[in-house]
Amino acid sequence: MSAGRWVLPLCWTAVLLDGFDLVVLGTVLPVLLQDRVWGLTPASASAVSTVGLVGMMLGALAIGTVTDVIGRRRALVLAVTGFSACTLLCAFAPSALVFALLRFLAGLGLGGCLPTAIALVNEFTGPGRGGRATTLIMTGYHVGAVLTALLGIVVIPAWGWRALFVIGAAPALVLVPLMARRLPESRGFSGTSARRVVGSLFTPGLLRATLAFWVASFMGLLLVYGLNTWLPQIMRQAGYPLGAALGLLLTLNVGAVVGLLVAGAVADRVGVRPATLAWFTGSALFLALLSVRLPGAGVYLAVLLAGCFVFSAQVLVYAYVGRTYGDGNRATGLGWTAGVGRVGAICGPLLGGALLTAGLADPWGFYAFALVAALGALAVAAVGTRTGITRAAQRRVEPA
């Protein structure tokens with residue numbers, strides 16, 4: 001196997017571990033709260049979760065930039081090593097404070113893993129296949145999430161919640177040495193200073209695209225985290241029984257996997273910009289449709305289609321970013337786009353919670369999330385048909 005052929009499987013596996021680590025907290029929290037481990041309450045558990053998201057935001061901002069300075073291969077190895085080590089240590093945390101600190105440190109590596117993996121895959125993927133490669137990478141996240149849930153069902157009753165963190169960290173013992181040995185270095189990272197590479201995002205040819213991508217990512221992750229957190233409760237307020245509400249959450253995530261497989265192929269065929277616009281627009285339409293009380297299988301079909309569009313819209317933003325920036329600043333562009341998007345990830349659950357508290361989730365919760373999707377579409381449109389990337393803009397990030 002040539003060096004370039006190792007990139008996709010190794011990066012996919014890294015993102016799988018990323019997905020495992022991101023979902024593991026939600027898997028063990030019910031046990032931690034039920035057993036009153038460290039005296040955790042719903043409020044303190046929410047604080048631990050938020051601390052991890054803040055770490056991810058900072059990690060995306062920092063490691064994405066570091067990647068364009070020291071190289072993709074080295075940065076990805078450091079990210080996977082970092083979040084895997086912190087995940088292992090979570091199994092031995094003696095207090096909620098230490099546990100929260102370890103989740104924050106793990107978040108730094110988790111935040112940097114995805115933009116680095118996408119940047120590498122984009123550089124080693126043939127012309128016209130970047131959209132499919134980016135969405136394929138993201139299926140690793142969902143596989144990791146599903147594995148976490150399945151392992152939680154088997155492992156926690158038998159060996160306790162701490163064992164799940166040990167299992168989540170163990171694959172790094174194989175993956176990290178394999179990446180260090182087989183993963184090739186990017187063929188075009190700039191190797192220049194961090195200030196220079198970050199500054200390149202705001203040059204006249206890229207400023208508009210950079211800001212538009214940030215807004216689109218904010219809206220995209222607000223949708224993903226807001227709906228995953230509150231959809232069951234919103235559906236219950238709309239009059240659906242608990243079992244149906246949980247089934248609709250599962251349906252939403254099944255739609256996410258289907259959407260990822262379709263979105264990448266569509267983006268490679270019609271172009272990533274029109275595909276991203278279409279996916280945000282579809283998200284707005286189907287989220288608004290959920291405000292209508294649909295009969296029987298109709299609501300499941302509407303939620304399935306909403307999942308197809310909502311989750312893939314954010315991934316297509318990453319694919320669009322990967323196409324827009326060059327080798328010298330691609331990981332930085334992805335990292336900052338993902339980092340700003342993490343603010344949306346924090347705001348999503350807050351928006352849903354506020355609407356539920358006010359008793360406005362049905363129907364205004366659906367309309368609010370539909371409006372967020374529409375704003376995401378407007379942000380993508382603001383990137384423009386021409387990104388303004390020129391040879392001069394690219395030269396600004398080359399080493400002096």
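- Shown here for A100 and V51, the closest heavy-atom pair between the two residues is O-CG1, 3.5 Å.
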Which donor-acceptor pairs under 3.5 Å do the side chains of residues 152-165 make with protein atoms, sequence neighbours left out?
| residue | atom | partner | partner atom | Å |
| --- | --- | --- | --- | --- |
| R162 | NH1 | A91 | O | 2.8 |
| R162 | NH1 | A93 | O | 3.4 |

Report task. List the steps and the verdict of side chain to side chain contact (heavy atoms under 4.5 Å, CB included) for L378 and L375. Result -> CA-CA 5 Å; L378 290 175; L375 292 174; 4.3 Å; yes
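- Annotation: side chain of L151 is in contact with side chain of F20 (closest heavy-atom distance under 4.5 Å).
- Looking only at side-chain heavy atoms (C-beta outward), F286 and V310 stay at 4.5 Å or farther from each other.
- Counting all heavy atoms, side chain and backbone alike, R273 lies closest to A381 at NH2-O, 3.2 Å.
- The side-chain heavy atoms of T41 and R36, taken from C-beta on, include a pair separated by under 4.5 Å.
- At a threshold of 4.5 Å between non-hydrogen side-chain atoms, the residues L17 and F83 count as touching.
- If you take OG on S283 and CZ on F311, they are separated by 10.0 Å, rounding to the nearest 0.5 Å.
- Within the 4.5 Å cutoff, no side-chain heavy atoms of N329 are placed close to those of W336.
- Criterion: ILVMFWY side-chain heavy atoms under 4.5 Å apart, direct or through other members. Under it, L207 and V340 are part of a common hydrophobic cluster.
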Query - Verdict with reasoning, Y320 to L277, per side chain to side chain contact (heavy atoms under 4.5 Å, CB included) - result: CA-CA 11 Å; Y320 198 0; L277 276 169; over 6 Å; no
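- The structure places CZ of F104 at 13.0 Å from OG1 of T50, a figure rounded to the nearest 0.5 Å.
- From F366, atom CZ reaches atom CG of L227 across 9.0 Å, with rounding to the nearest 0.5 Å.
- Remark: F218 engages no residue in a ring pair (Phe, Tyr, Trp, His ring centres under 6.0 Å) (not counting sequence neighbours).
- Between L355 and Y367 there is no side-chain heavy-atom pair separated by less than 4.5 Å.
- For I137, the side chain to side chain contact (heavy atoms under 4.5 Å, CB included) partners at least two apart in sequence or on another chain are L8, C11, W12, V15, L114, I118, V121.
- Distance check: L110 CG to R342 CZ gives 8.5 Å after rounding to the nearest 0.5 Å.
- Using a 4.5 Å heavy-atom cutoff, the side chains of L147 and L16 are in contact.
- Following chains of ILVMFWY side-chain contacts shorter than 4.5 Å, one can reach L211 starting from V380, so the two form part of one hydrophobic cluster.
- For residues 210-222, the set of pairs meeting the side chain to side chain donor-acceptor pair (under 3.5 Å) definition, not counting sequence neighbours, comprises T210-Y325, S217-Q314.
- The side chain to side chain contact (heavy atoms under 4.5 Å, CB included) search around C308 returns V258, not counting sequence neighbours.
- Scanning both residues, L120 and P184, for their nearest heavy atoms gives CD2-O, 4.0 Å.
- Taken together through direct or relayed side-chain contacts under 4.5 Å among Ile, Leu, Val, Met, Phe, Trp and Tyr, V31 and V98 form parts of separate hydrophobic clusters.
- The minimum heavy-atom distance between L334 and P115, with the atom names listed, is CD1-O, 3.5 Å.
- Judged as a side chain to side chain contact (heavy atoms under 4.5 Å, CB included), and not counting sequence neighbours, R208 has no contacts.
- When all heavy atoms of L290 and V299 are compared, the pair lying nearest together is CD2-O, 4.5 Å.
- L261 and L304 are not part of a single hydrophobic cluster, where members link through side-chain heavy atoms under 4.5 Å apart.
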**Report entry** Test log, rule side chain to side chain contact (heavy atoms under 4.5 Å, CB included), inputs L287 and L223
**Finding:** CA-CA 10 Å; L287 287 170; L223 288 175; 3.9 Å; yes
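- A distance of 12.5 Å separates CE in M57 from CG in L221, rounded to the nearest 0.5 Å.
- Side-chain atoms of R72 do not come within 3.5 Å of backbone N or O of T116 as any donor-acceptor pair.
- In this structure, CZ in R73 is found 10.0 Å from CG in L78, a value given to the nearest 0.5 Å.
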Report task. Apply the test side chain to side chain contact (heavy atoms under 4.5 Å, CB included) to residues S49 and L25: give CA-CA distance (whole Å), side-chain angles for both, the deciding distance (0.1 Å), then the verdict. Result -> CA-CA 8 Å; S49 178; L25 181 61; 4.1 Å; yes
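- The minimum heavy-atom distance between C113 and D18, with the atom names listed, is CB-OD2, 3.5 Å.
- Side-chain contact between V176 and V77 is present, with at least one heavy-atom pair separated by less than 4.5 Å.
- Here the side chain of T135 pairs no donor or acceptor atom with the backbone of A263 at under 3.5 angstrom.
- A distance-only check finds no donor-acceptor pair linking the side chain of S44 to the backbone of L40 [under 3.5 Å].
- Criterion: ILVMFWY side-chain heavy atoms under 4.5 Å apart, direct or through other members. Under it, V262 and V303 are part of a common hydrophobic cluster.
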